[in-house]
There are 2 protein chains.
Amino acid sequence: MVEREISEFEMIAGTRAVLGLLDGKWTVEVLYLLASGKRRYSEIYYEVGEISKKMLTRTLRQLELHGLVQRTVYPEVPPRVEYALTQRGWSITGPLMGMYEWAAEHLDDAPEQLAA
Amino acid sequence: MVEREISEFEMIAGTRAVLGLLDGKWTVEVLYLLASGKRRYSEIYYEVGEISKKMLTRTLRQLELHGLVQRTVYPEVPPRVEYALTQRGWSITGPLMGMYEWAAEHLDDAPEQLAA
DNA sequence: CTGTATCCAGTAGGATACTG
DNA sequence: CAGTATCCTACTGGATACAG
């Protein structure tokens with residue numbers, strides 16, 4: 001591990017990459033849900049309020065593409081598909097918690113609450 | 001400070017609130033820029049690559065609305081307007097750094113890079 | 001059960017021109 | 001200098017119906 005200067009450009013690029021991974025209306029909710037245990041497609045569908053199948057599929061495929069979620073298909077009839085966090089997926093709950101903690105500390109004394 | 005249970009709902013809401021504060025194509029870049037010192041409108045305009053005035057104004061107004069940036073108008077001719085991070089704005093560089101550090105650790109061994 | 005396929009509305013963001 | 005105003009395109013996400 002070599003010490004070196006970190007450019008502002010790298011800070012921006014890295015930060016934006018993470019925000020890109022978390023992008024999408026349902027992404028965070030699905031990640032937190034899977035952080036409490038792996039689920040089948042329909043379990044996620046019913047546990048996440050109001051999401052459509054289209055968006056659920058899109059969200060899960062993005063997470064899989066980015067290596068945060070592992071998709072496992074069991075070749076049965078009817079089909080069974082399980083989704084679980086990867087190690088990478090687990091690791092990103094760190095920054096996620098960081099954001100929650102900031103919110104818990106700084107959101108109540110706020111001019112504008114971005115109401116839940 | 002009372003210990004209590006934190007619901008998954010609160011985690012999601014808090015996290016999404018922070019992501020909401022950071023939302024927008026140019027938000028992070030402007031925050032990092034102001035973290036290196038306050039600037040005038042035109043200074044930000046020229047230091048941030050390729051942003052339009054419309055988006056710069058919109059981004060700054062959002063940040064001001066959310067209490068992350070302080071806007072100060074000096075009633076001179078020609079007008080001078082300075083933007084600086086608030087204490088709240090400074091504090092959010094914490095989560096921002098958290099995301100950068102995650103990216104520095106986990107982005108290179110990735111299946112998909114979200115290329116800078 | 002686990003998805004696709006279509007259609008649609010709303011919005012983010014870019015390009016350009018104009019103003020106190 | 002520090003913005004507005006207007007027009008335009010592309011993409012996100014919702015609703016609904018269909019399929020292996």
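Just so it is clear, the model here is predicted, and its values are computed rather than measured.
Closest-nucleotide positions on DNA chain C for W26(B) and Y83(A) were compared, and the one nearer the 5' end corresponds to Y83(A). Closest-nucleotide positions on DNA chain D for Y41(B) and K53(A) were compared, and the one nearer the 5' end corresponds to Y41(B).
Residue I51(B) contributes atom CD1, which lies 10 Å from atom P of dG13(C) at whole-angstrom precision. To the nearest angstrom, C1' of dG13(D) lies 14 Å from CD of Q62(A). The distance between atom OH of Y45(A) and atom P of dC1(C), rounded to the nearest whole Å, is 11 Å. Per the geometry, CD belonging to E50(B) stands 12 Å off P belonging to dT16(C), to the nearest Å. Following rounding to the nearest Å, E29(A) (CD) and dG13(D) (P) show an atom-to-atom distance of 13 Å. What separates CZ of R80(B) from P of dC1(D) is a distance of 13 Å, to the nearest Å. As a whole-Å value, the separation of M55(B) CE from dG3(D) P is 15 Å. The CG atom of L56(B) sits 18 Å away from the P atom of dT16(C) (whole-angstrom rounding).
Distances were taken from every side-chain heavy atom of R61(B) (C-beta onward) to each of dG13(D), dG20(C), dT4(D); the shortest belongs to dT4(D). Ranking dC1(C), dG3(D), dC1(D) by closeness to the V81(B) side chain, first place goes to dG3(D).
The phosphate of dT2(C) has neither OP1 nor OP2 within less than 4.0 Å of any side-chain N or O from Y46(A). Note on S42(B): a side-chain N or O is less than 4.0 Å away from OP1 or OP2 of dA2(D). An OP1 or OP2 oxygen of dG3(C) is reached within less than 4.0 angstrom by a side-chain nitrogen or oxygen of R71(A). Checking the phosphate oxygens (OP1, OP2) of dA15(D), no side-chain nitrogen or oxygen of S52(A) falls inside 4.0 Å. A sub-4.0 Å separation between OP1 or OP2 of dC1(D) and a side-chain N or O of R40(B) is absent. Listed pair R58(B) / dT11(C) fails the phosphate criterion, with no side-chain N or O lying under 4.0 Å from OP1 or OP2.
Put simply, the side chain of L107(A) reaches to within 4.5 Å of the side chain of R88(B), judged on heavy atoms. When side chains are defined from C-beta on, E29(B) does not count as touching I51(B), because their heavy atoms never get closer than 4.5 Å.
The hydrophobic cluster containing L60(A) does not contain Y74(A), counting ILVMFWY residues as joined when their side-chain heavy atoms lie under 4.5 angstrom apart, directly or transitively.
The line from CG of L63(B) to CG of L31(B) is 5.0 Å long, rounded to the nearest 0.5 Å.
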* Please assess W26(A) against I44(A) for the test side chain to side chain contact (heavy atoms under 4.5 Å, CB included), listing each intermediate value before the final yes or no. => CA-CA 11 Å; W26(A) 305 101; I44(A) 308 176; over 6 Å; no

